[in-house]
J.: 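Mind having a look at this structure? Questions to follow.
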Amino acid sequence: GESVGLHLPTLSVQEGDNSIINCAYSNSASDYFIWYKQESGKGPQFIIDIRSNMDKRQGQRVTVLLNKTVKHLSLQIAATQPGDSAVYFCAETPNTGNQFYFGTGTSLTVIP
Amino acid sequence: GAVVSQHPSWVICKSGTSVKIECRSLDFQATTMFWYRQFPKQSLMLMATSNEGSKATYEQGVEKDKFLINHASLTLSTLTVTSAHPEDSSFYICSAREWGWGGNQPQHFGDGTRLSIL
């Protein structure tokens, strides 16, 4: 299968600080990437996506950066809130298929 | 929009029982649905891709006779865990992609089914 991994399994941040979650992928043919948030006992929730023809995309309080040269993806969360505490997964799909492959996940804990 | 409903949310049953899990796209049509398995504190592992009107495509190492998938309509896919054993206990999650859109679109996930085999 595909290899999508995260650099840090856990991350603790102070409420109000910015969070950065990183992800590495190995398939250079991947052309679509998504960040998901998963709270305990629930399914993953879509946060933001980016296509390979872009290197940055912004949403509400979130920004995704894509560096295709080093096959690296990051999720930045501005002014992190307690409700942001969850596990975050990156997922990627190659342009030849339907399937998404998920990274290991990073558990984000926001300290009030 | 783009709501995926999964049922049941939690099942506890005896070893040897077969368990069916339903995945429905409530407000969109999905030609393709996906089934994942997730162990505690681990990532989602893709088990199979469910295609409406045709056979499912299973990932390497997933037993198709153990995990039966049926995708009879554009809004419903089912996963049946046949003759379940304790090692089949896990969190099973389905997802669906919208039909009719060109290019890549995100998958929308159900809230998962926690399967506990005694």
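What you see below is based on every heavy atom in this structure, not just the backbone, and it leaves out hydrogens, waters and symmetry mates. In what follows, every chain begins at residue 1, and chains take the letters A, B, ... in the order their sequences are listed.
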J.: Measure A/Glu39 against the heavy atoms of chain B and call it side chain, backbone, both or neither at under 4.5 Å.
T.: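 Neither the backbone nor the side chain of A/Glu39 comes within 4.5 Å of chain B.
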
J.: If you take all heavy atoms of A/Gly43 and B/Asp111, which pair is closest and at what distance?
T.: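 For A/Gly43 and B/Asp111, the tightest heavy-atom pair comes out as N-OD1, 3.3 Å.
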
J.: Looking only at non-hydrogen atoms, find the nearest pair between B/Leu44 and B/Tyr36 and report the distance.
T.: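 Residues B/Leu44 and B/Tyr36, closest heavy atoms: CB-CD2, 3.8 Å.
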
J.: Counting only non-hydrogen atoms closer than 4.5 Å, can you tell me which residues of residues 6-25 of chain B sit against chain A?
T.: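 Those residues of residues 6-25 of chain B which would need a heavy atom under 4.5 Å from chain A do not exist here.
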
J.: Can you see which heavy atom on B/Ala30 is nearest to which on B/Met33, and at what distance?
T.: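 Of all heavy-atom pairs spanning B/Ala30 and B/Met33, the closest is CB-CE, 4.0 Å.
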
J.: Pick one of side chain, backbone, both or neither for B/Ile93, based on which atoms fall under 4.5 Å of a heavy atom in chain A.
T.: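 The side chain, not the backbone.
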
J.: Once the angle between the rings of B/Phe109 and A/Tyr36 is folded into 0 to 90°, is it parallel (under 30°), tilted (30 to 60°) or perpendicular (over 60°)?
T.: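 Aromatic pair B/Phe109/A/Tyr36 classed perpendicular.
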
J.: Restricting to ring pair (Phe, Tyr, Trp, His ring centres under 6.0 Å), what partner residues turn up for A/Phe33, sequence neighbours left out?
T.: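 Counting only residues at least two positions away or on another chain, A/Phe33 forms a ring pair (Phe, Tyr, Trp, His ring centres under 6.0 Å) with A/Tyr25.
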
J.: What are the residues of residues 54-61 of chain A, in order of number, with any heavy atom under 4.5 angstrom from a heavy atom of chain B?
T.: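 Result: none.
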
J.: Any chance you could measure A/Thr80, atom OG1, to A/Leu108, atom CG, to the nearest 0.5 Å?
T.: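 One finds 6.5 Å between OG1 of A/Thr80 and CG of A/Leu108.
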
J.: Can you tell me how far the CD atom of A/Glu92 sits from the CZ atom of A/Phe102, to the nearest 0.5 Å?
T.: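 Answer rounded to 0.5 Å: 10.5 Å.
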
J.: Return each pair, listed once, that meets disulfide bond (SG atoms under 2.5 Å apart) where at least one residue sits in residues 42-82 of chain A; pairs must be two or more places apart or across chains.
T.: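 Applying disulfide bond (SG atoms under 2.5 Å apart) to every pair that reaches into residues 42-82 of chain A, excluding sequence neighbours, yields nothing.
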
J.: If two hydrophobic side chains count as joined below 4.5 Å and joins carry through other members, does B/Leu68 share a cluster with B/Val62?
T.: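 The answer is no; the residues belong to distinct hydrophobic clusters.
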
J.: At what distance, to the nearest 0.5 angstrom, does CG of A/Leu66 lie from SG of A/Cys90?
T.: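 The SG atom of A/Cys90 is 11.0 Å from CG of A/Leu66, to the nearest 0.5 Å.
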
